[in-house]
Amino acid sequence: MLELNYIRENADEVAKRLAIKNIDATKTLENIIGIDARRRETQKELDDNLAEANAIARQIGDLFKSGKAAEAGELKARTAELKVAAKALSEKLDTLTLEQNNLLVQLPNVPHASVPVGKTPEDNEIVYSEGDMPRLYDGAVPHWDLASKYDIIDFELGNKVTGAGFPFYKGKGARLQRALINFFLDNAIEAGYTEIQPPLVVNEASGYGTGQLPDKDGQMYFCEVDKLYLIPTAEVPITNIYRDVIVKAADFPIKNVAYSNCFRREAGSYGKDVRGLNRLHQFDKVEIVQVQHPDKSYETLEEMRNYVASLLRKLELPFRILKLCGGDMSFTSALTYDFEVFSAAQQRWLEVSSVSNFESFQSNRMKLRFKDENGKTTLCHTLNGSALALPRIVASLLENNQTAEGIRIPAALAKYTGFDLIH
RNA sequence: GGAGAGAUGGCCGAGUGGUCGAAGGCGCACGCCUGGAAAGUGUGUAUAUGCCAAAAGCGUAUCAUGGGUUCGAAUCCCAUUCUCUCCGCCA
């Protein structure tokens, strides 16, 4: 959620920058500012009303104490009037606040000044690439064929037991999963992150805190009886640790890492995008989350970007980094780097990680603050990134490393799997 | 799931209708003391929001959450949530 004061003072700037996300917010911004004026006016009236009522209550108290209770009648009559007025004002204030909030919540984060203009993924800017395109042998096939050939991932069984998008990992497939999780966690710990195991379901307030709600309601699995959401990413519970918290400036940067299952309904997806491991309803991901001083968040974004690159390098996967254009960015992000690995067998780039700076957008919703140098309570910046999501990494590893003898496991990972070939 | 007890500031803990945003203690910050430290001692120490250009200041709200009674609620009533104890069930 954007900060109200910021909107009020920079409405034109906000509109201009939201246009980069292809959103015409002029009208909404006008509305917000208009409602805000009325809201503050109402607040003032209500406060004055309550102040008078409080003063009278004190007077009555004094009268009672000095044995002049009889004189209180007139004052009581006045408070009755005030009470009626206060009730109306308070309802008006609630309505205005709610209206304003509903509008604020609809506004996406403003993109960073460096975000390229664009509408589709084709407009993303390639800022870096590394590694040679893999050359595959003649018998190379996509990972879903490899999965059944070596009996390591069973999509059919998933269909039977649960439904599409919930595969079983078997034998070396399962061990590969476990190895990757440990590999990613160990690397993160090495890089200074604290490992956390979060709950996999969260309440509504947490969904709002990180911005999944109300924007992505319908993309999360929801348990009706208990009003709980299955997490689409560990970002949600991990970031919400800091909801309604004032952290110490000395604690910056706060670095947490969490492995979790992720659950996504992916309503509306179809075709080659969902084939095999490309898009699942349940998948594994190691997520890194940082809370940082606003002055340092972009430095931190670069640090996280370099960290993710180092993982792909160790896995010997050729990759490129994209700076997302306005149209392809998420609702909550101010600047996002996507990492893509080339899948030679599918002849397409697969997104394996997304690293974002949310600036104060999440903090504002969550009321995550710190005391700055002047003792002023200020919103923190939050960042996160996948490091990494497993399915497409597995897809790339299987496809790019296939040989006539079997699938070769990169050395850094073989230490974790306990085998260097799937055959 | 059943029965009972409870929820107060960063923490502990007092407060059962009137000047309570809340005693006292701990912690923390700053000062004094000290060669330095400890001890001692003094002062300060919530959040949100409104007025104000801003600071200061003042108003308002907040004692789990939401409603209610009352001129006045941390205190009384109702609902919800959560915690603890006992019973049941169970990895």
Side-chain angles (χ1 to χ4, degrees), chain A residues 1-11 32-101 103-105 197 199-209 223-229 237 240-252 254 261 291 360 362-380:
Chain A
M1 190 160 70
L2 293 172
E3 290 175 68
L4 185 56
N5 285 341
Y6 181 73
I7 290 179
R8 199 156 48 195
E9 282 154 31
N10 308 282
I32 289 172
I33 291 168
I35 291 171
D36 186 52
R38 287 198 286 146
R39 198 202 92 237
R40 289 192 292 169
E41 197 181 307
T42 310
Q43 172 95 58
K44 177 98 178 75
E45 280 179 57
L46 177 62
D47 285 356
D48 290 346
N49 174 307
L50 293 173
E52 188 182 344
N54 285 343
I56 293 177
R58 250 171 269 136
Q59 283 178 42
I60 293 176
D62 290 340
L63 288 175
F64 269 80
K65 267 190 223 162
S66 50
K68 298 183 202 154
E71 292 172 30
E74 202 173 309
L75 291 171
K76 283 193 190 180
R78 175 63 184 150
T79 56
E81 286 169 33
L82 286 171
K83 238 173 138 175
V84 173
K87 182 150 190 181
L89 284 169
S90 157
E91 275 165 16
K92 187 176 166 193
L93 183 64
D94 288 348
T95 310
L96 288 169
T97 308
L98 189 70
E99 264 178 59
Q100 184 174 41
N101 223 41
L103 290 173
L104 274 172
V105 154
Q197 280 196 22
L200 302 181
V201 290
V202 295
N203 58 29
E204 198 179 21
S206 296
Y208 273 97
C223 178
E224 180 66 41
V225 266
D226 296 307
K227 308 281 182 228
L228 294 173
Y229 294 84
N240 271 285
I241 292 172
Y242 303 100
R243 173 152 49 83
D244 286 319
V245 169
I246 299 178
V247 299
K248 292 200 190 80
D251 293 340
F252 289 138
I254 298 171
N261 296 113
V291 179
S360 62
Q362 290 182 328
S363 294
N364 191 32
R365 272 199 205 188
M366 284 196 296
K367 304 227 182 325
L368 162 53
R369 295 148 298 169
F370 73 105
K371 296 263 187 213
D372 71 10
E373 301 72 22
N374 307 316
K376 201 171 157 235
T377 309
T378 310
L379 293 171
C380 304

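Every chain is numbered from 1 and lettered A, B, ... according to where its sequence line falls, protein lines coming before strand lines.
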Listed nucleotide nearest any side-chain atom of [X], set [options]:
X: A:Ile60; options: B:A48, B:C71, B:U19; answer: B:C71
X: A:Phe64; options: B:G68, B:C71, B:U19; answer: B:C71
X: A:Arg369; options: B:G50, B:U19, B:U47; answer: B:U47
X: A:Lys371; options: B:C71, B:U60, B:U47; answer: B:U47
X: A:Thr79; options: B:U19, B:C71, B:U47; answer: B:C71
X: A:Asn54; options: B:A61, B:G72, B:U49; answer: B:A61
X: A:Thr377; options: B:U47, B:G50, B:C71; answer: B:U47
X: A:Ala51; options: B:G72, B:G59, B:G50; answer: B:G59
X: A:Asp47; options: B:U70, B:U60, B:C51; answer: B:U60
X: A:Gln43; options: B:U49, B:A48, B:G59; answer: B:U49

Give one of base, sugar-phosphate or nothing for [X], where a contact means two heavy atoms less than 4.0 Å apart.
X: A:Lys76; result: base
X: A:Ile56; result: nothing
X: A:Asp48; result: nothing
X: A:Leu46; result: nothing
X: A:Lys367; result: nothing

To the nearest angstrom, how far is [X] atom [atom1] from [N] atom [atom2]?
X: A:Lys376; N: B:A54; atom1: NZ; atom2: P; value: 11 Å
X: A:Arg8; N: B:U49; atom1: CZ; atom2: C1'; value: 11 Å
X: A:Arg39; N: B:U60; atom1: CZ; atom2: C1'; value: 13 Å
X: A:Lys248; N: B:U45; atom1: NZ; atom2: C1'; value: 14 Å
X: A:Leu50; N: B:U62; atom1: CG; atom2: C1'; value: 13 Å
X: A:Asp251; N: B:G10; atom1: CG; atom2: P; value: 16 Å
X: A:Asn49; N: B:C51; atom1: CG; atom2: P; value: 17 Å
X: A:Glu3; N: B:U49; atom1: CD; atom2: C1'; value: 15 Å

B:C58 phosphate, OP1 or OP2, under 4.0 Å from A:Lys44 side-chain N/O: no

Below 4.0 Å: OP1/OP2 of B:G72 and any side-chain N or O of A:Arg58: no

Please measure how far the [atom1] atom in [N] lies from the corresponding atom in [M], and state the result in whole Å.
N: B:U43; M: B:C26; atom1: P; result: 14 Å
N: B:G21; M: B:A38; atom1: P; result: 37 Å
N: B:U45; M: B:C51; atom1: C1'; result: 26 Å
N: B:A22; M: B:G18; atom1: P; result: 16 Å
N: B:G9; M: B:U62; atom1: C1'; result: 11 Å
N: B:U65; M: B:C28; atom1: P; result: 28 Å
N: B:A74; M: B:U19; atom1: C1'; result: 16 Å
N: B:A7; M: B:U80; atom1: C1'; result: 14 Å

Do any N or O atoms from the side chain of [X] and from the backbone of [Y] form a donor-acceptor pair under 3.5 angstrom?
X: A:Thr378; Y: A:Lys376; value: yes
X: A:Asp244; Y: A:Lys367; value: no
X: A:Asp36; Y: A:Ile32; value: no
X: A:Arg365; Y: A:Tyr208; value: yes
X: A:Asn203; Y: A:Ser206; value: yes

What is the base-pairing partner of [N], counting Watson-Crick and G-U wobble geometry with both distances under 3.5 Å?
N: B:U69; result: none
N: B:C52; result: none
N: B:C82; result: B:G6
N: B:A46; result: B:U62
N: B:C89; result: none
N: B:C11; result: B:G25
N: B:C20; result: none
N: B:C32; result: B:G40

Any side-chain heavy-atom pair of A:Val247 and A:Ile254 under 4.5 Å: yes

Heavy-atom side-chain proximity of A:Ile7 to A:Leu104 below 4.5 angstrom: yes

Position toward the 5' end of RNA chain B (nearest nucleotide), A:Glu52 or A:Ala80: A:Glu52

A:Ile246 vs A:Asp62, nearer the 5' end of RNA chain B by closest nucleotide: A:Asp62

Where A:Leu379 and A:Ser363 come nearest, the two heavy atoms and their spacing: CD2-O, 3.7 Å

Other residues, nucleotides, ligands: >12 heavy atoms within 6.0 Å of A:Glu9 CD: yes

